[in-house]
Amino acid sequence: MKLYSTFSEFRADLQSGKVTCEGYVTDLLKEIKNQQDLNCYLETFDESALDQARKADAKLKAGQAGKLAGMVIAIKDVINIKGKKVSCASKILENFTSVYHATVIEKLLAEDAILIGRTNMDEFAMGSSNENSAFGPVRNPVDKTRVPGGSSGGSAVAVAAKLAMTSLGSDTGGSIRFPAALCGVTGMKPTYGRVSRYGLVAYASSFDQIGPFANSVSDLALVMEVISGHDEKDSTSSPKPVEPFGQGLGNSISSLKFGIPKQYLGDGLQPEVREKLTAAAGYLKSLGCQVTEVELPHTEYCIATYYILTTAEASSNLARYDGVRYSFRSKDPVTLNDMYVRSRSEGFGAEVKRRIMLGTYVLSAGYYDAYYTKAQKVRRLIREDFTKAFDQVDVLLTPTSPSPAFKIGEKTTNPLEMYLSDIYTVSANLAGIPGISVPAGTASDGLPVGVQLLGKHFDEQTLLNAAYHIEKANLK
Ligand code: GLN
């Protein structure tokens with residue numbers, strides 16, 4: 001069967017009558033089963049997806065179709081879809097069924113999208129390799145012995161393997177951009193507040209954002225346009241108007257100034273990734289853009305600050321899984337306390353427990369000021385670094401990941417080394433700014449490499465357009 005990598009291509013074939021949504025979804029569901037070894041889907045929504053496909057066909061025929069009619073979308077298993085399970089790839093929520101739609105789901109369905117299934121991920125979105133899922137690791141389709149990146153690995157793989165046209169992930173410290181880079185697709189973390197978090201299971205609430213993956217920047221822009229905007233159910237969502245992002249693609253970017261942060265070119269960066277970054281910069285220069293070096297002086301504190309603040313928030317957010325309300329309950333507990341302890345001990349995986357312990361420690365009475373308060377102050381300094389950089393340039397160009405995809409099992413015994421993978425991505429979440437990862441060719445072993453663009457708050461349009469140009473360059 002022909003697998004469609006982009007929605008625009010599928011839409012053209014729909015219009016010429018070559019395919020129908022129903023026919024394609026029927027075949028795709030079979031193909032997903034054939035490719036189960038990737039482990040990117042935890043569940044496919046066979047019945048409801050076919051139902052949505054039939055409705056999309058009818059609406060297209062009647063000329064009443066929404067913007068996304070026929071778009072097959074996969075959803076990270078951390079976003080609530082009414083009537084479907086939402087497990088966050090954790091044993092503790094394995095049998096929990098969602099009772100309401102997240103706002104992003106309402107918006108996708110209002111535009112006639114087809115929700116094909118829920119994707120595997122690191123448990124509660126904690127991880128960089130997708131090896132922390134209670135339901136097994138996800139494999140990188142380019143080389144199945146390697147990780148796809150995390151935590152939204154399933155969503156990245158579904159798109160890379162053409163088992164969905166687009167997907168949604170969540171990004172707290174790089175979980176969209178990092179797997180996008182490792183799998184050779186594009187992925188965007190919007191500005192904090194751009195997309196409603198209502199219905200997204202919380203990891204670290206002041207960092208989390210939902211965002212899309214796609215095989216083309218124009219598909220990415222289209223999904224962004226649909227999911228963005230103010231939501232009265234999320235008080236941190238912004239009332240700023242949403243531009244028609246797709247229409248702004250292709251405008252000249254020759255007047256844009258790009259900055260490469262000096263601190264991002266240090267030791268840990270693999271030479272081949274650096275070469276791709278240089279090639280992308282060279283291409284931008286050839287378009288007439290200025291590319292200069294800029295300073296982000298507090299970069300060395302980003303990882304520590306990120307892991308203090310996110311574990312603190314996580315330890316508080318995850319307190320709700322106590323075995324009493326909607327989570328797994330251990331069998332035959334003796335006392336109330338025993339029930340709490342055993343339910344949480346048996347329900348959570350090792351990485352989640354590690355973070356709850358770290359988080360409760362940094363929030364404990366004797367250490368609160370030394371760690372939590374201090375980290376909040378450093379977060380402010382990191383944010384100011386970006387404000388100053390954006391006084392000089394419009395967009396920052398950086399690597400997304402220090403290296404291409406690593407082997408499954410390579411970093412699992414050393415959590416600190418795993419945390420260092422996030423070095424180029426966590427800063428955007430600390431500062432609340434938008435970021436996008438766009439493919440920039442492959443390394444000598446054929447593994448994809450991505451570059452990251454970071455922009456001013458709410459300047460998604462400029463980022464998408466710059467990414468569109470880099471995509472057109474077709475860097476090798
Ligand atoms: N790898 C980072 C972490 O484990 C980022 C995760 C994310 O963005 N959800 O916290």
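Start at 1 and go down the list; that is how both ligands and their atoms are numbered.
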Let me see the working for Leu318 and Met126 under side-chain contact (heavy atoms from CB on, under 4.5 Å), right down to the final yes or no. CA-CA 12 Å; Leu318 269 57; Met126 298 174 183; 3.9 Å; yes
Note: ligand 1 atoms sitting under 4.0 Å from heavy atoms of Gly173 are 5 (C), 7 (C), 8 (O)
Heavy atom of the protein closest to atom 2 (C) of ligand 1 (residue, atom name, distance): Asp422 OD2, 3.1 Å
Which of the atoms of ligand 1 are close to Asp171, meaning less than 4.0 Å from one of its heavy atoms? 8 (O)
Measure from the side-chain N and O atoms of Arg274 to the backbone N and O of Leu265, and report whether any donor-acceptor pair falls under 3.5 Å. yes
Centroid-to-centroid, Tyr321 to Phe96, below 6.0 Å? no
Using a 4.0 Å cut-off to any heavy atom of Tyr203, which atoms of ligand 1 qualify? 3 (C), 9 (N), 10 (O)
Under 4.0 Å from ligand 1, counting heavy atoms only, is it the side chain of Tyr307, its backbone, both or neither? side chain
Ligand 1 versus Ser175, non-hydrogen atoms closer than 4.0 Å: side chain, backbone, both, neither? both
Under 4.0 Å, counting heavy atoms only: does Arg355 come that close to any atom of ligand 1? yes
Can you confirm whether the side chains of Thr119 and Ser155 place a donor and an acceptor under 3.5 Å from each other? yes
Between Ser5 and Asn215, which heavy-atom pair has the shortest distance, and what is it? O-ND2, 3.1 Å
Any side-chain heavy atom of Arg355 sitting closer than 4.5 Å to one from Tyr203? yes
Got an N/O contact under 3.5 Å between Ser170 and ligand 1? no
Within-shell test, Thr310 vs ligand 1, heavy atom, strictly < 4.0 Å: no
Taking 4.0 angstrom as the limit and counting only heavy atoms of Ala125, give me the atoms of ligand 1 inside it, by number and element. 6 (C), 7 (C), 9 (N)
Using a 4.0 Å cutoff against the non-hydrogen atoms of Gly127, which atoms of ligand 1 qualify? 1 (N), 2 (C), 3 (C), 4 (O), 6 (C)
Ligand-side contact atoms (ligand 1) for residue partner Tyr306, heavy atom cut-off under 4.0 Å: 2 (C), 3 (C), 5 (C), 6 (C), 10 (O)
Given Asn80, Thr236, Thr103, the one that forms side chain to side chain contact (heavy atoms under 4.5 Å, CB included) with Tyr198: Thr103
Part of Thr172 with heavy atoms under 4.0 Å of ligand 1, whether side chain, backbone, both or neither: both
Test of ring centre spacing under 6.0 Å for Phe207 and Tyr306: yes
